[in-house]
Amino acid sequence: MKTKWCALWCTLLLFATGLRAQDPSRFFKAADLNMVGAYYYPEHWDPSQWDRDLRKMSEMGFEITHFAEFAWAQLEPEEGRYDFEWLDQAVATAAKYGIKVILCTSTATPPVWLTRAHPEILILREDGTRWDHGARQHPSYSSTFYREYSMKMIEALAKRYGNDRRVIGWQLDNEPKVDQDFNDDAQERFRTWLRKRYGTIDALNKAWGTAFWSQIYGSFDQINIPRGTQLFMNNHQRLDHRRFCAEETATFLDEQARTLRKYISPQQFITTNYIPSYDDGHLNQSKELDFCSYTRYMVYGENYGIGRKGYRVGPVERIAMANDFFRPFNGTYGVMELQPGQVNWGPLNSQPLPGAVRMYLWHVFSGGSKFTVTYRFRQPLYGTELYHYGIIGPDGVTPSPGGLEFQQYISELKQLREAYDARHAEVPADYEARRTAILFNHENSWSIALGQQTTEWNTEGHILKYYSALKSFGAPVDFISEDKDFNAYKVMIAPAYQQVDDALIAKWKAYVEQGGHLVLTCRTGHKDRQGQLFEMKFGGKIFELMGGQIDFFDLLQPSTPDQIVFGGKEYDWVSWGEILSPDAGTETWATYKGDFYEGRPAVLHHKLGKGTVTYVGVDSKEGAFEKAVLQKLYGELRIPVLDLPAGVTIEHRDGFGVALNYSDKPYTVDIPSSAKVLIGTPELQTAGVVVWKD
Ligand code: GAL
């Protein structure tokens with residue numbers, strides 16, 4: 001009997017694993033386009049209100065809710081004693097109103113019985129202080145105890161709800177990330193990680209360049225977590241520590257996912273809600289997630305967005321880039337938290353502009369998201385997040401302005417579902433022809449941050465100059481990693497790709513020789529993966545690709561910018577300029593003006609095999625220069641591009657076109673006469689939206 005069960009169990013496991021490898025879009029019906037949800041915390045409200053609240057949620061059109069985040073104390077009030085009755089009741093109430101449930105694993109808030117019994121599970125800071133009970137995200141991902149207790153609780157949850165059809169998926173932890181933890185377990189795990197990475201202490205000494213300043217180690221046991229505040233700490237060690245922290249996050253999530261997967265049905269998805277932060281290696285290292293989700297808040301401070309009141313709208317790239325960053329991992333993504341209105345945690349929490357919340361929803365939609373959930377349904381009456389708007393205000397019954405905008409979006413979405421036609425769901429050919437890849441590896445951002453050379457450099461800002469230019473072209477953009485197929489893209493930009501190896505250089509070369517058009521920008525190829533320079537001319541690894549050489553680089557004082565001359569125009573720069581020498585046959589597209597290297601090349605372009613390489617050796621102040629370079633390149637490649645003003649964006653998905661206006665001026669969208677406008681009109685005011693059937 002036992003063997004029979006085991007066989008059945010193994011078959012089921014295989015089935016589950018096999019299915020996981022399949023296209024994650026299978027968790028969603030294509031015709032649903034996008035599902036909308038709201039977080040609800042039953043444990044914050046009197047049970048007599050749950051029915052009313054979930055009914056209201058359903059009446060407003062929400063199809064998903066999200067339970068059990070931060071509820072470990074309620075789920076396991078004493079060690080090993082689980083209380084699921086309240087959650088059973090909440091799930092049943094949601095189901096009564098046709099609302100599907102995403103469950104959270106609650107690991108961000110260990111109960112006090114656990115932290116008092118094992119204070120060593122709390123994060124230990126560099127200054128020797130330990131985080132304490134009374135907040136959230138205070139446990140150490142490296143703590144063996146914490147991981148053990150977490151998995152026990154997750155196992156109990158999985159057994160209870162893993163085959164419950166009312167539960168559609170799981171969100172692990174909350175905005176997971178560890179960047180500082182000096183616990184003994186973290187220390188030990190870091191040493192173990194290094195042993196695995198290097199094998200011998202000699203290899204580590206070489207990789208960390210410990211001959212410098214007498215840093216040589218005799219054994220792995222002598223190595224400590226690098227002190228962030230100590231001056232001149234070894235940068236190669238710090239780079240490895242960042243890698244280790246990212247991996248701690250990833251393995252913690254993977255362990256959770258594997259624990260869940262032992263019990264849950266293959267119909268339930270597993271994801272987590274990352275904060276989109278592009279220098280953050282935590283984002284894409286988990287191997288076990290079915291797909292990624294992200295959280296996004298747009299209005300929480302000053303000086304964001306376009307124009308005097310741009311802070312009420314926020315910058316267009318915040319959602320655009322998050323869509324284009326998470327979707328390419330495997331084609332499917334969701335948004336777990338989208339701002340419903342005013343928040344409480346920014347330095348200055350203004351009201352969003354009326355209409356902005358609806359525009360964010362359409363923006364998320366336009367990127368291809370499968371669902372959009374908001375934090376949270378009801379505004380809290382106690383706790384740390386007072387003043388944080390919900391879909392419903394503090395009285396528990398009145399929708400907030402953002403709540404009404406969610407309701408409007410949901411009803412508009414239903415119109416779209418009616419117009420959806422699976423046979424005509426492809427994106428327009430001219431849009432597809434502009435598709436561009438941005439090659440991205442967070443290790444470059446880390447490595448640059450460890451040796452910026454100038455206060456004026458900003459890695460994300462540098463990438464953004466290219467990204468924003470592409471968005472103004474109306475180009476679909478995929479942020480991709482090195483393991484992806486480069487040949488799927490006619491143009492690929494690798495901005496400030498500081499760390500390279502021979503395999504990457506060979507892959508770039510093959511891509512270009514086979515007809516790809518590669519844009520490399522300053523700071524690319526200077527270092528190896530360990531952050532060391534190559535023993536050759538500066539940047540020598542990429543000379544063949546660039547069709548020239550880097551003679552030296554310069555950094556200017558911010559008060560006295562110089563100019564780049566390109567296409568008869570001048571553009572200011574200060575942060576980073578490489579002075580180049582072209583090989584015979586290489587074109588010089590731009591030159592420097594204003595200093596001892598006036599007239600020397602700043603941008604090179606040449607043919608290689610069937611493709612081209614454009615090397616942009618300088619970072620401009622404002623980004624108009626980067627846009628102009630790309631305009632010239634796309635012109636030469638005969639890829640027709642748009643010229644949308646900053647803040648206006650156009651995307652296509654599932655047979656629909658979506659245009660949005662984050663700028664402070666009206667804009668009229670040129671919609672083809674063959675298209676049928678479904679939502680809004682082509683004349684877009686600030687926060688305006690127009691949606692059409694392609
Ligand atoms: C997010 C977090 C949520 C909630 C929200 C408030 O960063 O994941 O739990 O705190 O902020 O805006």
Side-chain angles (χ1 to χ4, degrees), residues 37-45 64-75 102-110 131 134-139 141 169-179 249 252-253 256 271-278 280 282-283 289 292-301 304 311-312 314 318-319 322 325-326 333-352 356-357 360-361 364 369 371-394 400-403 405-406:
Y39 280 41
Y40 189 72
Y41 295 85
E43 68 280 15
H44 295 181
W45 309 105
I64 302 176
T65 190
H66 177 286
F67 291 156
E69 190 184 42
F70 310 132
W72 192 343
Q74 288 91 341
L75 291 168
I102 297 175
L103 284 182
C104 185
T105 55
S106 258
T107 43
T109 46
W131 289 136
R136 69 175 190 195
Q137 290 159 310
H138 43 301
Y141 287 177
W170 299 80
Q171 176 214 310
L172 310 181
D173 204 77
N174 172 64
E175 294 183 333
K177 176 185 169 139
V178 55
D179 45 20
T249 307
F252 182 51
L253 296 179
Q256 292 202 21
T271 186
T272 189
N273 61 340
Y274 290 117
I275 302 178
S277 148
Y278 304 100
D280 202 339
H282 306 74
L283 298 180
L289 303 183
C292 296
S293 305
Y294 72 80
T295 67
R296 222 10 151 188
Y297 293 83
M298 299 292 287
V299 178
Y300 56 88
Y304 288 103
Y311 61 83
R312 289 206 192 287
R318 268 179 83 76
I319 290 178
F325 187 83
F326 286 97
Y333 75 98
V335 173
M336 204 53 92
E337 297 176 29
L338 184 69
Q339 182 167 3
Q342 203 170 16
V343 298
N344 69 301
W345 45 263
L348 201 169
N349 302 294
S350 307
Q351 287 284 348
V357 169
Y360 306 150
L361 280 155
V364 165
S369 167
F371 61 78
T372 313
V373 180
T374 186
Y375 173 90
R376 49 188 275 166
F377 188 66
R378 284 187 64 177
Q379 172 159 356
L381 302 183
Y382 55 83
T384 307
E385 295 185 328
L386 295 184
Y387 298 118
H388 194 297
Y389 270 42
I391 294 297
I392 299 291
S400 63
E405 292 184 28
F406 263 79

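These numbers come from a predicted model, not from an experiment. Each ligand, and each atom within it, is numbered from 1 in the order the structure gives.
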key: For T271, all residues meeting side chain to side chain donor-acceptor pair (under 3.5 Å), sequence neighbours excluded   = S293
task = Please indicate whether Y304 has more than 12 foreign heavy atoms, meaning atoms of other residues, nucleotides or ligands, lying under 6.0 Å from its OH.
result = no
ask   = Which parts of the protein, at residue level, reach under 4.0 Å of ligand 1 through a heavy atom?
value = F70, R136, N174, E175, Y297, E337, W345, Y375, E385, H388
ask   = When the ring centroid of Y375 is compared with that of H388, is the distance short of 6.0 Å?
value = yes
query = Is it true that Y333 and F326 have ring centroids separated by less than 6.0 Å?
reply = no
ask   = Given side chains that start at C-beta, do those of Y297 and E337 come closer than 4.5 Å, heavy atoms only?
value = yes
message = So C104 and Y39, do their side chains get closer than 4.5 Å, heavy atoms only?
response = no
